[in-house]
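Some notes on the structure that comes next.
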Amino acid sequence: MHHTELGRVAVQSRPASTFLTLKQRKNLWGILFVSPWIVGLVGLVLYPMALSLYYSFTNYDVVGSYQFIGLGNYQQMLVDPTFRQSLYNTLYLVVFMVPVSLVASLAYALLLNLPLFGQRLFRTLLYLPQMVPTVAGALLWMWIFNPEYGLINTVLGWFHIVGPLWLNSISWSKPSIVLMNLWGTGGAAIIFLAGLRGVSPSLIEAAKIDGANLWQRFWHITLPALSPLLLFNAVMGILSAMQYFTQAFVMGGGDSGGSVGLGNSLEFAMVYLYQVAFQDMRMGYASAMGWVLFLIMLILISILLVASSKWVYYEGWKRS
Amino acid sequence: MTSTLSRRWIQKLPFYVVLVGLCMVVMMPFFWMLLSSLKTNQQLFSLPVRWWVWPLHFDNYTHALSLIPFWAQLRNTVMLSGLTVLGNVLSGSFVAYGLSKVDWAGRRFLFGVLIATMLLPGVVTFVPTYLIFRNLGWLNTYLPLIVPTFLGSPYYIFLFRQFFLTIPESVSEAARVDGASELRIFTNVIVPLSGPAFSAVAVLSFVQAWTEYIGPLIYLNVPSQWTLSLGLSAFLNRYSAEWNLMMAAAVVFTVPLVVIFFIGNKYFMRGISFNTDIG
């Protein structure tokens, strides 16, 4: 208190500040500091969003003149078989990849949180796949998935299992993507691990004394404490699954145009949007697709947030 | 005493088995990548699969690097990643100071906006942003990839803000009493105290820029401007049967990140776990 009073005197005694009150000066400083981001927010977020909404009602194709076609692009999506296929493929990832990755990363974190010797090494090794550049990882897994000479089917062969054709099969290509992504699950695990450090040891100890077994302690103490992070990772998982692009584009041969993956089985929404925008130059249609995908994400995340009020437990959690 | 010790060991043993097994499974693809990069193509496509070969074909590496204009693409990637780090570190810390240390009217509201933009998917802005940069005549330049980083990325602003909030208010208040301007407090007081936050944002944004694919794919159409991500995917289209060369190129592309990871390990972990306060 005393210091602030002094500060005010010191600031006000300076000649430059005679026109401005302390509050006005603070506001000016605040605006100055956030100004780069405000420029970016207006120029690279708000303006593009408005532009995208505008183009979504036109048949803009970069080169020629364009007309308003009302809801034409949106109606087109309803009858576009490739769009429907891409939506199905994308929702497949949301339904299978997101929960599988969540459970796996939670299991990783629980294992890495045990009081064992060498945890630093285990943590480092399990995180390492995150360091493989996306394209390099895509190439590596294409070779791992090779049905005849690849790593997985070789290992399966030891157990006399004839492995599937993986990426060369319409029904196995999406499970292949889920499996490949499981390799990099260490990233989300680190977030859970940080949350586990916040679980009170005395609470666990008290439950132990009361005779709660390992499963009960997990279900009634650890899981509720982690639930905000579970929600966070689920939201992030949905966002990235809905925009899944690079691996599918590289592994499915999106460069060459046409079908991505065998029988369009790796044609995810973002991949199709890229092809419509940058291979066919149908910017109006691509903009409309962007908005529909955005809407779907909003709906999925709203459902998750509404449902989360039943299972997310905030007590003792810092909310900012 | 010894019996309780060994009992503890026996209790822990299954967890060790699971963890060591898990690590071996996760490491297998790395081993497979290295092994494949050192085989001849004939060894790759012969059964049964050989888990060791001699001699090791290190010449795959020189061959692969001569097929793609590797050094030019490496230079482009390093340049782009370096500028991305510079942009994110400068803009992120600067903006975060205004969102955490200056007590002003718009602070709370704008922080809400920041969180909202963190969750805003790029799927909506991705096409119009391309059109804007196209109108500016920025296609086939690095500007669309670099300029935005100097305007602040929400995630890195957020990381800096979370760190700045841990610095006691009394530290900056003392400088204010001495008549220091906010800019001076930022550069002379807060920045020197924030080494861990700078390191975390630097390593995270370097990795992000190094592996970035879709941005360069859209904006860079001249092969001499390509980054390693683009070079490697073009390599796949042209030499798709030569897995030994592709694995060698993939190893060379991966090694710098692994080295950075081992050097900056704690900053990665810290950077990722900063965001647990989001709640």
Side-chain angles (χ1 to χ4, degrees), chain A residues 3 6-7 10 26-27 29-30 33-34 36-37 39-40 44-45 48-49 51-52 111 114 116 122 124-126 129 131-136 139-140 143-144 149 151 154 183 190-191 194-195 228-229 232 239 243 245-246 250 255 270 277-278 283 286-287 290-291 293-294 297 317-320, chain B residues 12 15 19 23 26-27 29 32-33 36 44-45 49 91 94-95 97-99 102-107 110 117 121 123-125 127-129 132 148 151-152 157 173 176-177 179 182 210-211 213-214 218 229 232-233 236-237 243 246 250 253-254 257-258 261 265 269 272-273 276-279:
Chain A
H3 276 285
L6 268 179
K26 289 239 173 190
N27 285 347
W29 278 116
F33 276 103
V34 300
W37 173 58
V39 172
L44 298 174
V45 179
M49 279 178 87
L51 204 62
S52 162
L111 276 173
L114 294 168
L116 301 177
F122 292 136
T124 305
L125 292 182
L126 292 181
M131 288 298 111
V132 177
T134 322
V135 174
L139 290 190
L140 170 59
W143 176 231
I144 286 176
Y149 307 99
L151 174 62
T154 302
W183 188 49
I190 299 297
I191 294 180
L229 290 183
F232 175 81
L239 286 177
Q243 301 181 84
F245 179 79
T246 305
V250 172
D255 258 345
M270 192 71 174
F278 298 102
M283 297 296 176
S287 301
W291 279 98
L293 294 174
F294 180 43
M297 282 184 237
W317 197 269
K318 268 188 281 177
R319 294 182 78 175
S320 38
Chain B
K12 283 180 177 179
F15 294 117
L19 264 171
C23 285
V26 166
M27 285 298 114
W32 186 252
M33 175 158 68
S36 303
L44 279 183
F45 291 100
V49 169
S91 65
F94 195 73
V95 173
Y97 184 83
L99 288 176
V102 184
D103 184 17
W104 66 291
R107 190 168 100 174
L110 284 178
T117 55
V123 72
V124 179
T125 51
V127 169
T129 311
I132 291 168
L151 298 176
I157 296 173
E173 205 52 54
R176 256 176 222 130
V177 170
E182 294 293 337
W210 188 265
T211 69
Y213 182 68
I214 193 164
I218 294 170
S229 277
L232 207 59
S233 70
L236 170 69
N237 295 335
W243 283 103
M246 273 192 284
F253 189 23
T254 306
L257 289 192
V258 171
F261 177 62
N265 191 317
M269 299 307 169
I272 296 154
S273 39
T276 50
D277 273 353
I278 191 170

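Chain naming here is simple, since letters A, B, ... match the order of the sequence lines and numbering starts at 1 in each. The shown structure was predicted, so the numbers you read here are calculated from the model rather than taken from an experiment.
With a threshold of 4.5 angstrom between heavy atoms, L140(A) approaches chain B through its backbone and through its side chain. Contacts between V102(B) and chain A at a heavy-atom distance below 4.5 Å involve the side chain alone, from C-beta outward. Both the backbone and the side chain of S229(B) come within less than 4.5 Å of a heavy atom in chain A. In this structure, chain B has a heavy atom under 4.5 Å from the side chain of L114(A), while its backbone stays farther away. Both the backbone and the side chain of M283(A) come within contact range of chain B, each with at least one heavy atom under 4.5 Å from a heavy atom of that chain. Interface residue F278(A): only side-chain heavy atoms are found under 4.5 Å from chain B. The parts of F122(A) that come within reach of chain B are both its backbone and its side chain, each placing non-hydrogen atoms under 4.5 angstrom from that chain. The part of I132(B) that comes within reach of chain A is its side chain, from C-beta onward, which places non-hydrogen atoms under 4.5 angstrom from that chain. Contacts between S52(A) and chain B at a heavy-atom distance below 4.5 Å involve backbone atoms as well as side-chain atoms.
Formation of a donor-acceptor pair under 3.5 Å by the W183(A) side chain with backbone atoms of V26(B) is found in this model.
Remark: K26(A) NZ to R176(B) CZ distance equals 4.0 Å, nearest 0.5 Å.
Among residues two or more places apart in sequence or in another chain, the ring-ring contact (aromatic ring centres under 6.0 Å, His included) test is passed with F15(B) by none. Evaluation of the ring-ring contact (aromatic ring centres under 6.0 Å, His included) rule for W243(B) yields W143(A) as partners, not counting sequence neighbours.
The minimum heavy-atom distance between P128(B) and P48(A), with the atom names listed, is CG-O, 3.2 Å.
Chosen from L111(A), L293(A), V45(A), L116(A), the residue pairing most often with chain B at heavy-atom distances under 4.5 Å is L116(A).
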